[in-house]
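Structure record follows, encoded as structure tokens.
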Amino acid sequence: MVYQNNLTYAQQQDEHDELKLFRNEFLIPRHNGHDAVYLCGNSLGLQPRAAKQYLQEQLNAWEDHAVEGWFTGNQPWLSYHEGLLPSLAELLGAQPAEITIMNSLTVNLHLMMVSFYKPNSKRYKILMEAGAFPSDQYAVESQLRFHGFDPQTAVIEIAPRDRELTLRTEDIIQEIEDNADELALILFSGINYYTGQLFDMEAIAKAGHRAGAMVGFDLAHAAGNVPVKLHDWDADFACWCSYKYMNSGPGGISGAFVHQKHFSNNTLNRFAGWWGYRREKQFLMQPGFEAERGAQGWNVSTSPILLMAVHKASLDIFEKAGGIIPLRTKADRLTAYLEFLINDINTQVGEEVYRIITPQDIKQRGSQLSVICKRNAKDIFNYLSDNGIIGDWREPDVIRLSPVPLYNTFTDVFKAGEALFKAIRAINL
Ligand SMILES: *Cc1c(COP(=O)(O)O)cnc(C)c1O
């Protein structure tokens, strides 16, 4: 692909973009009277225009039916989640029965570890990538302590090689094999939040199972961003949040995947609640927990319908767009264009002022590029913000920029590149 560093070229790409109308489905934040260049969908996806309506419908149902809303109206709340499962299952490569929509991400990580981290005195270690998202680290540490293990010795963190910034699949596999006798669980992110590296989840799951461990994935940065095939890859469990690439609102509802092969496994612990009870008997209010078949059996509490309504507004857009494959095709081009523009700045300046740490290989990344600013990083980030380019900042010197195919344009990406270039001059590096 030959890219060009000029506005006309970017505008032409937008004209030919078959997904361009989907931008109208979102509310784009404004900056000084213009649309901002929002490249922060990795942190908080934009609001679907229809979210208000979906929410209003459920507020109306509450107004009209009050408690009867659970059973009556156009979309009785008791089965409201069923309308979300097919599109969500499609995005995650799961069967609808393998998915449940509940809680928030870290809570679900804990619930899944209650079931799938089953240590004994020989096999108790948890392997994860070094530099995993802090909440995942805290969840793992506290689970270990809960079982009486010391995180210092029970967590195996795999780090990049010397002078490398991302992990090699072969090193991950090797680490799994080297620890095969002691591994109880492998918990990896699908995409590392800091580097933007997309891991080979299938290979990790295979190696993990060969080693006799359970394998779970945190898909916070992968869900709605890259194609995922949880069922075929044979993941034991997975969790995600919906507020990043799935555009379902701040603190939006999360979800969890449990592989079908575990549906009849009665040896798994679980922290149960009445919303995971067998559906046909849930309201008999009998003592003694009986789990609903499938991932639904991991539910704990009453469905938060208002959060689900916003989630549905977003999932319906994914469905209209034809799912993740066409979105990924556009996203690969948007991200490659951003990469081209950043490299072009280095060429023009005559030195590497920006270093992209996200892998060049498109099979190892999603939409996000993580960019190290060699000097005056925070000033550059502030310059971008002052000029309506919204990315996000990670200490000590990284800016993350994520063009999202549903609402970002080639022109957005061009403007971001232009601002990164002008920042160098403005800050007088
Ligand atoms: C965003 C993110 C979280 C956030 O978890 P919450 O429980 O939703 O606050 C956790 N883990 C990863 C990997 C993330 O990217």
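Counting starts at 1 for both ligands and their atoms, following the listed order.
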Can you label the angle between the Phe133 ring and the Tyr193 ring as parallel, tilted or perpendicular, going by 30° and 60°? perpendicular
Need the ligand 1 atom indices (1-based, order shown) with element for anything under 4.0 Å from a heavy-atom of Thr106. 5 (O), 6 (P), 7 (O)
Need the ligand 1 atom indices (1-based, order shown) with element for anything under 4.0 Å from a heavy-atom of His221. 15 (O)
Side-chain atoms of residues 37-48: list all donor-acceptor pairs with protein atoms under 3.5 Å, sequence neighbours left out, distances to 0.1 Å.
residue : atom : partner : partner atom : Å
Tyr38   : OH   : Leu44   : O            : 2.6
Asn42   : OD1  : Ser402  : OG           : 3.0

So Ser142 and His110, side-chain contact (heavy atoms from CB on, under 4.5 Å) or not? Walk me through it. CA-CA 9 Å; Ser142 55; His110 276 296; 3.3 Å; yes
Residue and atom name of the nearest protein heavy atom (relative to atom 11 (N) of ligand 1), distance in Å to one decimal: Asp136 OD1, 2.6 Å
Could you walk me through whether Ile399 and Cys373 pass the side-chain contact (heavy atoms from CB on, under 4.5 Å) test, one step at a time? CA-CA 8 Å; Ile399 297 174; Cys373 306; 3.6 Å; yes
Correct closest heavy-atom pair for Ala51 and Val310 would be CB-CG1, 4.2 Å
Are the side chain of Arg328 and the backbone N or O of Asn225 linked by a donor-acceptor pair below 3.5 Å? yes
Give the residue and atom name of whichever protein heavy atom lies nearest to atom 15 (O) of ligand 1, and the separation in Å to one decimal. Lys244 NZ, 2.5 Å
Per-atom contacts of ligand 1 with Asp218, taking only distances under 4.0 Å to non-hydrogen atoms: 11 (N), 12 (C), 13 (C)
Atoms in ligand 1 flagged as close to Tyr243, the criterion being non-hydrogen separation under 4.0 Å: 1 (C), 4 (C), 5 (O), 6 (P), 8 (O), 9 (O)
Relative to the heavy atoms of Ala220, which atoms of ligand 1 are at a distance of less than 4.0 Å? 2 (C), 12 (C), 13 (C), 14 (C), 15 (O)
